[in-house]
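Contents: one structure, followed by commentary.
Since we're looking at a predicted model, the values are computed, not measured. The chains referred to below are lettered A, B, ... by the order of the sequence lines, with proteins before strands, and numbering in each begins at 1. Side-chain atoms are counted along with the backbone in the values below, which use heavy atoms only and exclude waters and symmetry mates.
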Amino acid sequence: MTPRRIEFEILRYDPDKMQKPEFQTYLVPCEEDWVVLDALNYIKDELDRTLSYRWSCHMAVCGSCSMMINGEPTLSCKSFVRDLPNQVCIEPLNNFPIERDLVVVLDDFLGKLNSVKPYLIPREKKSLEEGVYLQSPAQLKKFKQFTLCINCTLCYAACPQYAHDENFVGPAALALAHRYNLDSRDVGRTARQDVVASNLGIWECSFVGACSEVCPHGVDPAGAIQQAKIASTGDYFMDLILPGRKS
Amino acid sequence: MKRSHKPIIWSLFAAGGTFTAFMIPVMILITGLGVPLGLLPAQTLDYESVLAFVQHPLTRIALFGTIFLTVWHAAHRLRITAHDFGIRADRVVATIFYGLAAITTLVALVVLALI
């Protein structure tokens with residue numbers, strides 16, 4: 001089959017040389033089975049070596065190649081050119097500062113991720129000799145869905161609340177906090193609640209649900225946040241009734 | 001960070017939403033289908049029957065619960081909807097809608113006590 005020629009309009013920005021971002025157009029002969037990332041690699045290899053973008057695995061696992069494709073937050077390795085029109089607009093992820101071209105600054109997200117302690121906090125630390133922390137399939141099932149997050153930040157680009165207030169902790173970090181809170185081996189919930197149950201945590205979410213729509217792994221961060229709201233509401237009233245109780 | 005006080009309103013919002021989701025279909029079934037289609041006796045919705053029904057102490061309590069939860073659900077829903085439409089004067093919006101909900105709650109309390 002002859003390749004289909006697709007016009008890629010790509011937002012370029014080099015903060016050292018340009019006042020503001022500008023679009024640059026590239027005509028790419030695309031094969032039927034290509035994804036947008038293949039077209040970007042073609043541009044980089046054959047047309048313009050200066051184009052900057054992040055990618056690594058090419059199989060929707062690493063979460064590096066997130067960008068806006070025709071206005072939708074998408075993994076470029078998961079977006080097949082056969083599903084796209086002959087003109088494709090590619091921009092860096094919404095709601096993040098541009099570092100260069102399609103590369104965005106992720107410091108804000110990484111700070112928020114860290115703030116919810118996204119790791120197991122066990123009751124007692126076990127030595128290697130003592131073996132693993134046991135868990136039943138039923139206990140695993142409770143949170144397994146929320147472990148599938150690849151930190152691609154598409155949910156932050158889709159979230160109107162994060163666009164409105166960048167202090168919002170945001171979907172992925174809150175979903176991951178929920179993932180550890182639901183883990184039977186974890187006792188870190190109280191420590192996470194200071195961030196999770198604050199005004200800028202789950203309570204900033206107005207449940208638009210865009211995060212869950214764009215999630216490439218079906219994590220459903222919006223669902224996680226609603227579940228966390230129910231649990232935190234229980235906490236709030238229990239704390240009123242029994243001040244100083246151990247949660 | 002400080003724990004939020006939003007659970008106060010959100011609990012009413014969540015309870016109201018869940019409650020009305022079950023309540024509204026039943027009310028539509030009785031008032032919109034049951035009586036008009038003759039599945040229920042025509043006098044079910046007569047003034048006298050409804051008044052007697054409402055005057056029962058248990059009905060008064062149930063009706064107050066229904067109105068209370070529903071208006072607070074609506075107030076919070078409207079606040080969030082205003083926000084989603086880009087109206088950023090949240091304090092004003094919240095005061096108006098929660099104020100209306102509070103007034104409606106009081107009116108319902110008084111009317112149901114006196115009826």
If I compare all heavy atoms of [X] with all of [Y], which pair ends up nearest, and what's the gap?
| X | Y | result |
| --- | --- | --- |
| B/Ser4 | A/Trp203 | CB-CD1, 3.4 Å |
| A/Tyr236 | B/Ile8 | OH-CD1, 3.3 Å |
| B/Ile80 | A/Ser206 | CG2-CB, 3.4 Å |
| B/Ser11 | A/Thr233 | CB-CG2, 3.6 Å |
| B/Arg3 | A/Asp239 | NH1-OD2, 4.2 Å |

Taking the side chain as C-beta and beyond, is there a heavy-atom pair between B/Lys6 and A/Lys229 under 4.5 Å? no
Crowded around [X] [atom1]? As in, over 12 foreign heavy atoms under 6.0 Å?
| X | atom1 | answer |
| --- | --- | --- |
| A/Gln24 | CD | yes |
| A/Met18 | CE | yes |
| B/Phe53 | CZ | no |
| A/Lys142 | NZ | no |

Could you tell me which portion of A/Val195 (side chain, backbone, both or neither) has an atom closer than 4.5 angstrom to a non-hydrogen atom of chain B? both
Check each atom of A/Ile230 against the heavy atoms of chain B and say whether the ones under 4.5 Å are side chain, backbone, both or neither. both
Ranked by heavy-atom pairs below 4.5 Å to chain B, first place among A/Ser232, A/Gly234, A/Ser198 goes to A/Ser198
Counting heavy-atom pairs closer than 4.5 Å to chain B, which one of A/Gln226, A/Gln193, A/His164 comes out on top? A/His164
Which region of B/Arg88, side chain (C-beta onward) or backbone (N, CA, C, O), has a non-hydrogen atom less than 4.5 Å from a non-hydrogen atom of chain A, or is it both or neither?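 For B/Arg88, side-chain heavy atoms alone lie under 4.5 Å from chain A.
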How far does CZ of A/Phe207 sit from CZ of B/Phe13, to the nearest 0.5 angstrom? 9.0 Å
CG-NE2 distance between A/Asn199 and B/His5, expressed to the nearest 0.5 angstrom: 8.5 Å
